[in-house]
Protein chains: 2
Amino acid sequence: MAKCEQCIVKQLNSLKTLTKSELLRISACKTSQFVKKGDVIFDEGEHLNGVFCISSGICKVSKMSSNGREQIIHLVNKGSILGERSLVNDEVANLKATAISDMEVCFIPREEIISDLKKNPDFTMSLLKDMASSLKNADNTIVDMAQKTVKQRLAEMLLNLEASFGYNSDHVLDIHLSREDIANIIGTATESAIRLLSEFKKDNVITLKGKNISIIDIPKLKKIAQGF
Amino acid sequence: MAKCEQCIVKQLNSLKTLTKSELLRISACKTSQFVKKGDVIFDEGEHLNGVFCISSGICKVSKMSSNGREQIIHLVNKGSILGERSLVNDEVANLKATAISDMEVCFIPREEIISDLKKNPDFTMSLLKDMASSLKNADNTIVDMAQKTVKQRLAEMLLNLEASFGYNSDHVLDIHLSREDIANIIGTATESAIRLLSEFKKDNVITLKGKNISIIDIPKLKKIAQGF
DNA sequence: TTAAAAATATGATAATTATCAGTTTTTGAG
DNA sequence: CTCAAAAACTGATAATTATCATATTTTTAA
């Protein structure tokens with residue numbers, strides 16, 4: 001099994017503040033698993049008992065609305081940690097995590113991380129900064145959801161995908177989302193998302209081949225996102 | 001000037017984990033000010049250099065969207081602290097705080113709180129829990145904004161006002177919001193908010209006299225909030 | 001390989017929400 | 001108290017978005 005000291009996850013977030021001996025201890029007790037596309041990593045209401053490190057793959061983090069529709073809160077790439085929040089306040093999960101590609105995920109039991117929280121102030125502080133940053137993003141998302149049109153939100157989402165996941169060798173966005181997932185990110189009906197994507201394609205803002213999306217006119221997309 | 005040890009703010013949040021001597025130190029260096037209804041406490045982009053404790057009154061925390069409309073992210077009652085996030089990550093304010101009633105606010109300089117963050121792990125942990133809780137609320141708000149109709153959101157907002165601010169002696173909600181503020185909380189046009197409030201009144205869900213709102217049929221309001 | 005299922009796409013229409021225009025009511029400064 | 005400004009309200013209409021129906025394409029599993 002891979003060691004935490006070399007893991008990509010360790011380089012990209014709060015875990016980077018852990019000492020070598022702390023990492024060794026965690027490495028010894030972690031479990032690793034492969035998750036297939038579509039599989040649920042954890043669901044709303046579950047007791048997590050630890051955090052998940054994403055070594056490879058992408059998952060969506062979502063929540064059911066009382067209307068019975070899924071809202072995707074964010075997409076999580078390799079190198080990230082899931083479940084920190086449930087760890088901190090010891091509540092059941094408020095969100096659901098589902099693989100949207102095949103993934104490799106490590107699980108670190110609650111007690112191990114908690115012990116670091118208590119002993120390593122740098123780690124706590126780093127976690128605090130991560131949360132502050134997440135909170136800022138969440139506030140900005142609230143503003144967008146409340147004030148922007150579906151078209152603006154779609155444009156913005158495409159720009160975010162580019163920033164977070166980049167392109168593969170063919171200048172195709174390195175993430176494959178179903179039209180339904182796209183709709184559930186921007187909070188609209190699947191048909192509306194499809195229509196707007198077609199419109200963007202017709203207007204030469206993007207190209208579309210199935211789930212392969214390329215952005216070809218970033219300035220235009222930015223203008224659309226701001227309401228022009 | 002009032003002392004921090006007896007302040008209501010101290011009893012309701014992370015500050016409660018501070019020791020007596022820490023509170024005394026803060027008490028000595030804090031400044032206190034009266035803020036009139038409508039006054040801005042801080043604006044987006046400002047460097048805060050400290051946190052604000054609300055001894056009395058209510059303020060709104062909002063952000064301008066690129067469409068030029070204000071979105072109110074939350075309402076903050078006495079006993080709360082503002083600006084913790086800018087403190088943690090040392091960034092300029094992402095949000096604007098405006099008094100919606102006359103207020104009394106204390107300001108604690110950044111260095112004083114930072115010193116507690118570094119020395120008192122209970123305080124850091126408490127702040128972490130607060131942030132985790134805020135983040136959960138923010139995620140739920142995103143779902144509501146993205147998936148619920150304006151009518152559902154208005155119903156939910158009224159229920160939230162009741163939970164957060166309660167009633168005065170005449171069974172009137174203990175917060176006075178303009179119709180524009182109500183619209184900016186639920187993310188709609190002022191006229192739409194007015195129309196829906198009138199509809200709720202006609203349907204005997206609430207009573208309305210100017211800014212005095214009473215909820216008279218909570219079960220019905222809950223049903224509306226869930227889409228029935 | 002092929003049939004069934006799922007996903008994508010498109011049209012027609014309904015429902016929701018925003019915008020504009022104008023009126024009435026309330027508020028607050030002098 | 002008075003009057004001008006702001007806020008609240010109402011109607012008409014336009015724009016956006018959802019829903020339903022159905023066709024086409026893609027994917028999946030046997």
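Residue numbering restarts at 1 for every chain, and letters A, B, ... go by the order of the sequence lines.
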Just by modelled atom types, is the B:His171 backbone N or O under 3.5 Å from a matching donor or acceptor in the B:Ser214 side chain? yes

Hey, does the side chain of B:Ser164 reach the backbone of B:Asn160 with a donor-acceptor pair shorter than 3.5 angstrom? yes

NZ (B:Lys60) with more than 12 external heavy atoms under 6.0 Å: yes

Are side-chain N/O atoms of A:Gln152 and B:Asn67 paired as donor and acceptor at under 3.5 Å? yes

By the 4.0 Å heavy-atom rule, please label A:Arg153 as base, sugar-phosphate, or nothing. nothing

Would you call [X]-[Y] a salt bridge at under 4.0 Å N-O?
| X | Y | answer |
| --- | --- | --- |
| A:Lys63 | A:Glu70 | no |
| B:Arg85 | A:Asp139 | yes |
| A:Glu199 | A:Lys151 | yes |

Rounding to an integer number of Å, can you tell me how far A:Glu180 CD sits from D:dT27 P? 16 Å

Could you tell me the separation between the OG atom of A:Ser101 and the NZ atom of A:Lys36, rounded to the nearest 0.5 Å? 11.0 Å

Return whichever of B:Lys148 or B:Lys37 has its heavy-atom-nearest nucleotide of DNA chain C closer to the 5' end. B:Lys148

Go through DNA chain C in 5' to 3' direction and return only the first and the last nucleotide with some atom under 4.0 Å of chain B's heavy atoms. C:dT17 to C:dC20

Kindly state which residues belonging to residues 190-216 of chain A come within less than 4.0 angstrom of DNA chain D, counting heavy atoms of the residue only, listed by number. A:Glu191, A:Ser192, A:Arg195

